[in-house]
S.K.: 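Handing you a structure now.
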Amino acid sequence: MSRAFQRLSIPASAGIGLRSPHISEMLTRRPSAGWLEVHAENYMGHGAGVEALERLRQIYPLSVHGVGLSLGSARGVDRDHLERLRKVCERFQPDLVSEHLAWSVADGAYLNDLLPLRYDEEALAIVARNVETVQGALARQVLIENLSAYVAFADSSMNEAEFLAELVARTGCGLLLDVNNVQVSAHNLQYDAKAFIDALPAGAIGEIHLAGHATNQVGADTVLIDDHGSRVPPVVWSLYQHAIDRLGPRPTLIEWDTDVPVLDVLLGEAMWADMLTASIIFNRKQAARQAAVAKPRPVSLTPFESVRTSMPVLAAFAAAKAGPAMPVALTPMEGGYDVAA
């Protein structure tokens, strides 16, 4: 049964994933960034990184992103791991907490991967029970992220978007919309990426992820790999534009986990996300004004159309209107918890 939890939020601007090569520079430069997100498992112990995050938390809003709860495990979540996550949340007081619609534990063995589920009523009951356990332990709403997929279960009785929508209805959880994951899965499994986004309950989406992916040729087939190792490609910017057009501004994260570049590259990608959102708002305001002039009558604005923006940006966002992304060389994944998530 769905329970009501206090919904915290981060400003509807773009942030970056905090990675260890950038921690010192973030502390000394304090660059303009909307917010930071960290992988929970990297901060469950002690050390310089944990102390640095305590300092950065005083400067930037924080989101905690888990990769190890294994919400699809039929035996339930690991209570020890959940307690460690609870202590991370208690210590750093993040504004958002998220996890994946995936499983990664079998018979006590942890797999360094996020594996897909079969989408049916049995799996839904398992995930809903686990999500309720997590939200009860943390006493807060948790955002559940859609997964990148390379294969699908033939006996699924619903698609992933339907599964997520029903999970929201049953548990009161929120959603983390990973736009890159949508593009990767839609290409690999041959479905409509925009239709997937449109099928999600808009009000439940509390965060968006953007990242790059690699292109791998397997015989005559082209497979997209969610490696988080390059800039956000044009095709993902275009899909993000569709999402913001439908949802309005949302906290948006630039993820980069392999071949991590200098900090300014991440900040630049975040700037493009903010500019694209501002452009959409500006264009909608302009369209509303023109409609009011052409046909004087009260104009009903959706909530995000009333958001104030300090400056107009280019009405045409070149990256969003570009063609499909160029092939990117596949980069091997690194070990540890800083996986592409």
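Predicted, not measured: the structure shown is a model, and the values here were computed from it. Quick note: numbers below take in every heavy atom, side chains included, and nothing from hydrogens, waters or symmetry partners.
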S.K.: Between Gln217 (side chain) and Asp221 (backbone), is there a donor-acceptor pair under 3.5 Å?
M.R.: yes

S.K.: Any side-chain to backbone donor/acceptor pair from Glu37 onto Leu253? Under 3.5 Å, distance only.
M.R.: no

S.K.: To the nearest 0.5 Å, what is the distance between CG on Leu164 and CZ on Phe196?
M.R.: 5.5 Å

S.K.: Under a 3.5 Å threshold, yes or no: a donor from one side chain and an acceptor from the other, between His65 and Glu99?
M.R.: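 Their side chains do not contain a donor-acceptor pair, so the 3.5 Å distance test is not met.
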
S.K.: Under 4.5 Å between any side-chain heavy atoms of Leu177 and Asn146, yes or no?
M.R.: yes

S.K.: Under the 3.5 angstrom rule, does the side chain of Thr171 hit a backbone N or O of Glu132 as a donor-acceptor pair?
M.R.: no

S.K.: Could you walk me through whether Arg19 and Trp256 pass the side-chain contact (heavy atoms from CB on, under 4.5 Å) check?
M.R.: CA-CA 8 Å; Arg19 299 296 175 256; Trp256 207 310; 5.9 Å; no

S.K.: Any donor-acceptor pair under 3.5 Å linking the side chain of Thr222 with the backbone of Thr215?
M.R.: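 The answer is no, because no donor-acceptor pair under 3.5 Å joins these two groups.
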
S.K.: Of the non-hydrogen atoms in Leu114 and Val67, which two are nearest, and what is the gap between them?
M.R.: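 In this case the closest contact between Leu114 and Val67 is CD2-O, 3.6 Å.
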
S.K.: Can any side-chain N or O of Glu51 pair as donor or acceptor with the backbone N or O of Ala48 at less than 3.5 Å?
M.R.: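 Flag not set: sc Glu51 to bb Ala48 has no pair under 3.5 Å.
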
S.K.: I'd like to know whether Arg250 forms a salt bridge (charged side-chain N to carboxylate O under 4.0 Å, His left out) with Glu207, so could you lay out the CA-CA distance, the side-chain angles of the two residues, the decisive distance to 0.1 Å, and finally the verdict.
M.R.: CA-CA 6 Å; Arg250 291 292 192 277; Glu207 183 181 337; over 6 Å; no

S.K.: I'd like to know whether CZ of Arg55 has more than 12 heavy-atom contacts from other residues, nucleotides or ligands below 6.0 angstrom.
M.R.: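 No, CZ of Arg55 has 12 or fewer neighbouring heavy atoms, counting only those of other groups under 6.0 Å.
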
S.K.: With a 4.5 Å limit on heavy-atom distance, are the side chains of Asp120 and Phe153 in contact?
M.R.: no

S.K.: With sequence neighbours left out, write down each residue that passes side chain to side chain donor-acceptor pair (under 3.5 Å) with Arg57, or none if nothing qualifies.
M.R.: none

S.K.: Nearest 0.5 Å please: distance from the OG atom of Ser73 over to the CG atom of Asp78.
M.R.: 9.0 Å

S.K.: Main chain of Gln135, side chain of Arg140: is a donor-acceptor contact present, judged purely on distance under 3.5 Å?
M.R.: no

S.K.: For Thr252 and Tyr240, which I'm curious about, is there any donor-acceptor pair between the side chains at under 3.5 Å?
M.R.: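 The answer is yes; a qualifying pair exists.
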
S.K.: Counting distance only, does the side-chain N/O of Arg284 pair as donor-acceptor with the main-chain N or O of Asp245 below 3.5 Å?
M.R.: yes

S.K.: Mind checking whether Pro251 and Ser13 have side chains closer than 4.5 Å, heavy atoms only?
M.R.: no

S.K.: In Å, rounded to the nearest 0.5 Å, how long is the span from CG of Asp95 to CH2 of Trp35?
M.R.: 10.0 Å

S.K.: Is a donor on one side and an acceptor on the other found under 3.5 Å between the side chain of Arg86 and the backbone of Ala137?
M.R.: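 Such a contact is absent between Arg86 side chain and Ala137 backbone.
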
S.K.: Stepwise, does the salt bridge (charged side-chain N to carboxylate O under 4.0 Å, His left out) test hold for Lys194 with Asp192?
M.R.: CA-CA 6 Å; Lys194 292 181 179 179; Asp192 188 327; over 6 Å; no

S.K.: Are any non-hydrogen side-chain atoms of Asp198 and Leu200 less than 4.5 angstrom apart?
M.R.: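 Asp198 does not reach Leu200 side chain to side chain.
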
S.K.: Could you go step by step and tell me if Leu53 and Leu62 meet the side-chain contact (heavy atoms from CB on, under 4.5 Å) rule?
M.R.: CA-CA 9 Å; Leu53 186 60; Leu62 181 66; 4.0 Å; yes

S.K.: Measuring only between side-chain heavy atoms, which start at C-beta, is Val142 closer than 4.5 Å to Cys173?
M.R.: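 No, too far: nothing below the 4.5 Å cut-off.
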
S.K.: How many angstroms lie between OH in Tyr60 and CG in Leu36, if you round to the nearest 0.5 Å?
M.R.: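 With rounding to 0.5 Å, OH (Tyr60) is 6.5 Å from CG (Leu36).
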
S.K.: Taking everything shown except Arg91 itself, do over 12 heavy atoms lie less than 6.0 Å from its CZ?
M.R.: yes

S.K.: Given the rule in the side-chain contact (heavy atoms from CB on, under 4.5 Å) test, do Val97 and Cys89 qualify, once you have shown the distances and angles that lead to the verdict?
M.R.: CA-CA 8 Å; Val97 177; Cys89 293; 3.7 Å; yes

S.K.: Is it the case that over 12 heavy atoms from other parts of the model lie below 6.0 angstrom from the CD atom of Glu83?
M.R.: yes

S.K.: Within the 3.5 Å criterion, strictly below it, is a donor on Asn181 or Glu145 matched to an acceptor on the partner's side chain?
M.R.: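 Yes.
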
S.K.: Are the side chains of Val179 and Trp237 in contact, using a 4.5 Å heavy-atom criterion?
M.R.: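 No, too far: nothing below the 4.5 Å cut-off.
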
S.K.: Specify the closest pair of heavy atoms between Val127 and Gly72, including all atoms of both residues, with the distance to one decimal.
M.R.: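 Nearest heavy atoms, Val127 then Gly72: CG2-CA, 4.1 Å.
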
S.K.: Less than 4.0 angstrom from a charged side-chain N to a carboxylate O is my criterion; do Arg170 and Glu121 meet it?
M.R.: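 Looking at Arg170 and Glu121, the cut-off is met.
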
S.K.: With no hydrogens and no angle check, just 3.5 Å: does a side-chain donor-acceptor pair link Asp178 and His100?
M.R.: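 There is no such pair (donor and acceptor under 3.5 Å, judged by atom type) between the side chains of Asp178 and His100.
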
S.K.: Taking Asn130 for the side chain and Leu71 for the main chain, is one N or O donor matched with an acceptor at less than 3.5 Å?
M.R.: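 Between the backbone of Leu71 and the side chain of Asn130 there is a qualifying donor-acceptor contact (under 3.5 Å).
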
S.K.: Taking the side chain from Thr277 and the backbone from Asp274, do they hold a donor-acceptor pair closer than 3.5 Å?
M.R.: no

S.K.: Closest heavy-atom contact between Ala199 and Ala161?
M.R.: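 Closest heavy-atom pair between Ala199 and Ala161: CB-CB, 3.9 Å.
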
S.K.: Looking only at non-hydrogen atoms, find the nearest pair between Asp259 and Gly229 and report the distance.
M.R.: CB-O, 4.2 Å

S.K.: Which heavy-atom pair separates Leu266 from Pro261 by the least distance, and what is that distance?
M.R.: CD1-CG, 3.3 Å

S.K.: Check whether Leu82 and Ile126 end up in the same hydrophobic cluster, where Ile, Leu, Val, Met, Phe, Trp and Tyr are linked by side-chain heavy atoms less than 4.5 Å apart.
M.R.: no

S.K.: With a 4.5 Å heavy-atom cut-off, do Tyr191 and Asn159 have their side chains touching?
M.R.: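 In short, these two side chains do not touch, never coming nearer than 4.5 Å.
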
S.K.: How close do Ile208 and Leu176 get, heavy atom to heavy atom, and via which atoms?
M.R.: C-CD2, 4.4 Å

S.K.: Is there a donor in the side chain of Asn180 and an acceptor in the side chain of His213, or the other way round, less than 3.5 Å apart?
M.R.: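 Short answer, yes.
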
S.K.: So do Ile16 and Leu263 actually touch side chain to side chain, heavy atoms under 4.5 Å?
M.R.: yes

S.K.: In Å and rounded to the nearest 0.5 Å, what is the OG to CZ distance from Ser70 to Arg75?
M.R.: 11.5 Å

S.K.: Please report the interatomic distance CG(Leu124) to OH(Tyr119), rounded to the nearest 0.5 Å.
M.R.: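 One finds 11.5 Å between CG of Leu124 and OH of Tyr119.
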
S.K.: Are Val265 and Arg231 close enough, and set up right, to give a side-chain contact (heavy atoms from CB on, under 4.5 Å), and what steps lead you there?
M.R.: CA-CA 8 Å; Val265 172; Arg231 293 179 183 271; 3.9 Å; yes

S.K.: Should Val218 and Val184 be regarded as members of a common hydrophobic cluster, given that ILVMFWY residues are connected when their side-chain heavy atoms come within less than 4.5 Å of each other, either directly or indirectly?
M.R.: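 Looking at the clustering, Val184 is in the same group as Val218.
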
